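Only one structure is covered here, and it is reproduced in the block below.
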Amino acid sequence: MAVLGGGAAGFFGAIACAEANPSLRVVLIEKTSKLLSKVRISGGGRCNVTHAADTAAQLVQHYPRGAKQLKEAFKQFGALDTVRWFEQRGVRLKTEPDGRMFPTTDSSETIAQCLLTAARVAGVEILLQTTAEHIALLPAGGFELTLTGAHAQKLAVARLLVATGGAPKTEQYEWLRQLGHTVQEPVPSLFTFNVPNSPLRELPGVSVPRARVRVSGEKLEYEGPVLVTHWGLSGPAVLKLSAWGARRLHELQYQSTTLINWIPEYTEDTLRQYLVEFRELHGKKVVASNPLCGLPQRLWRTLTEQAGVGPETRWNELPAKLQNRLIESLLRTALPVRGKTTYKDEFVTCGGITLSEINMQTMESRRVPGLHFAGEVLDIDGITGGFNFQAAWTTGYLAGRALAAA
């Protein structure tokens, strides 16, 4: 058995296969000199392993692509199974208030070393700096891999697991098309918004725990924490919006007007009523110096400046026209988005092998017997919060077990 790809899905598949059938030879092939690169950088070096979810139904709500097909797969190996898998190998996970789960060490190296150790103990052979240059279907079944690089050779295997990750360019999937598969066009997912002419450009680092981000003229919006950066906008609400809107934002060439509602708990009517009451009680307070609704001081001051409110203007002196402008800024700050930036170093793609061509119980191709897939090479992607890793663990595990049972 051979596994292509030394990332999370590849390792999990190789380990699952080798543990389920110790008599099999399992070879993991990685074209670079580094293993588990994304595991090591995930979560700012802490590794967001999975997300606290008791049921498959809870998990699938967080996948813009692949939710329906993953439901049965998660019933076989879900978040609780992931927690149990790592605990059985000496790694305990903890749950943060937002549901993300990390190793108690807060170090991604803990996860990487756990996987490396499990692979070694299970007898997985690892070939680094080795590329499967050509894959041929053998007449009697199975595959012949022409390997180049550090371990150049011809390798015949009964079954093959492809876990090569997502790729930014459609040409990088051509070899999978040649094996008979359809590929959904890859486009970026999980990215931040570039706003070169942002009225907030002097506020990098300012964050709001709950805001609503909406793309003007589209049915795309998301609510959650927003972070102002020196290049534009980031934070969970922006990243999750980019995932749900990945294809549409690509069609728009990442050029749009984004509207920020800094206080989504208010409608325009309830905000106006609140301001009437506030002015009656606090009319002598200076508008710019007294943020409302718990907004950060720097953000509030900028929003009042945009509305044309003078630095010494008091609430009981505020003209209706300027109050209307302030309401507009609070509920609909308009930002001209001109491009995107990859979130940290965590490249995630929307796109990959069409799921209708895969048996999601075994991750085996419906087109090519003996060919299995796992991880981001499939047309599956989740929002931030550990969901992409969970999809990697699940698909890798199911594929590995199926390889072992063949």
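Bear in mind the structure is a predicted one, so any value in this text is a computation, not a measurement. We're numbering straight along the sequence, starting at 1. Atoms considered below: every heavy atom in the structure, side chains included; atoms not considered: hydrogens, waters and symmetry mates.
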Output yes when a side-chain donor or acceptor of [X] lies under 3.5 Å from a complementary backbone atom of [Y], and no otherwise.
X: E218; Y: S216; answer: no
X: R89; Y: T117; answer: no
X: R65; Y: A243; answer: yes
X: Q297; Y: A288; answer: yes
X: S234; Y: T192; answer: no
X: S256; Y: T258; answer: no
X: T229; Y: G232; answer: yes
X: H62; Y: F387; answer: no
X: Q390; Y: G386; answer: no
X: T270; Y: Y266; answer: no

Pair [X] + [Y], salt bridge at N-O below 4.0 Å:
X: K240; Y: E223; result: no
X: R325; Y: E328; result: no
X: E185; Y: R247; result: no

Just wondering, do [Y] and [X] contact through their side chains at under 4.5 Å, heavy atoms?
X: V49; Y: P103; answer: yes
X: D54; Y: L80; answer: yes
X: I126; Y: V27; answer: no

Without placing hydrogens or testing angles, list every side-chain donor-acceptor pair under 3.5 Å for residues 133-140, not counting sequence neighbours.
{"residue": "E133", "atom": "OE1", "partner": "T148", "partner atom": "OG1", "Å": "3.0"}

Test item: side-chain donor near acceptor, [X] and [Y], under 3.5 Å:
X: S23; Y: N21; value: yes
X: T182; Y: E357; value: yes
X: S42; Y: N48; value: no
X: N324; Y: R272; value: yes
X: T110; Y: T105; value: yes
X: Q306; Y: T302; value: no
X: S33; Y: Q129; value: no
X: Q76; Y: E72; value: no
X: T50; Y: W393; value: no

Would you please name every residue forming a salt bridge (charged side-chain N to carboxylate O under 4.0 Å, His left out) with [X], sequence neighbours left out?
X: E174; answer: R177
X: K94; answer: D106
X: R100; answer: E96, D98
X: D379; answer: none

Derivation of the side chain to side chain contact (heavy atoms under 4.5 Å, CB included) call for T313 and V286: CA-CA 6 Å; T313 303; V286 175; over 6 Å; no
Heavy-atom closest pair, residues [X] and [Y]:
X: L160; Y: L403; result: N-CD2, 4.2 Å
X: A52; Y: T95; result: CB-CG2, 3.8 Å
X: L128; Y: T130; result: O-OG1, 2.8 Å
X: A73; Y: L398; result: CB-CD1, 3.6 Å
X: A14; Y: V124; result: O-CG2, 3.7 Å
X: C293; Y: Y274; result: SG-CE2, 4.4 Å

Ring geometry between F12 and Y397 (parallel below 30°, tilted from 30 to 60°, perpendicular above 60°):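 Correct class here is tilted.
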Measure the acute angle between the ring planes of Y254 and H250, then classify it against the limits of 30° and 60° as parallel, tilted or perpendicular. perpendicular
Can you pull out every ring pair (Phe, Tyr, Trp, His ring centres under 6.0 Å) where at least one residue sits in residues 159-186? Sequence neighbours excluded, please. H181-F373
Under 6.0 Å from the CD atom of Q253, do we count more than 12 heavy atoms belonging to anything else shown?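 Not buried by this count: 12 neighbours or fewer within 6.0 Å.
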Can you establish whether the number of heavy atoms outside K340 located under 6.0 Å from its atom NZ is more than 12? yes
Going through the checks in order, is the salt bridge (Lys or Arg N to Asp or Glu O under 4.0 Å) test met by R332 and E268? CA-CA 10 Å; R332 288 174 291 275; E268 189 153 338; 2.8 Å; yes
Is there a side-chain hydrogen bond (donor to acceptor under 3.5 Å, both in side chains) between R159 and H372? Walk through the geometry before answering. CA-CA 8 Å; R159 287 183 173 255; H372 298 248; 2.7 Å; yes
Any chance you could lay out the ring-ring contact (aromatic ring centres under 6.0 Å, His included) test for W85 and F77, step after step, and finish with the verdict? CA-CA 10 Å; W85 192 95; F77 193 93; 7.9 Å; no
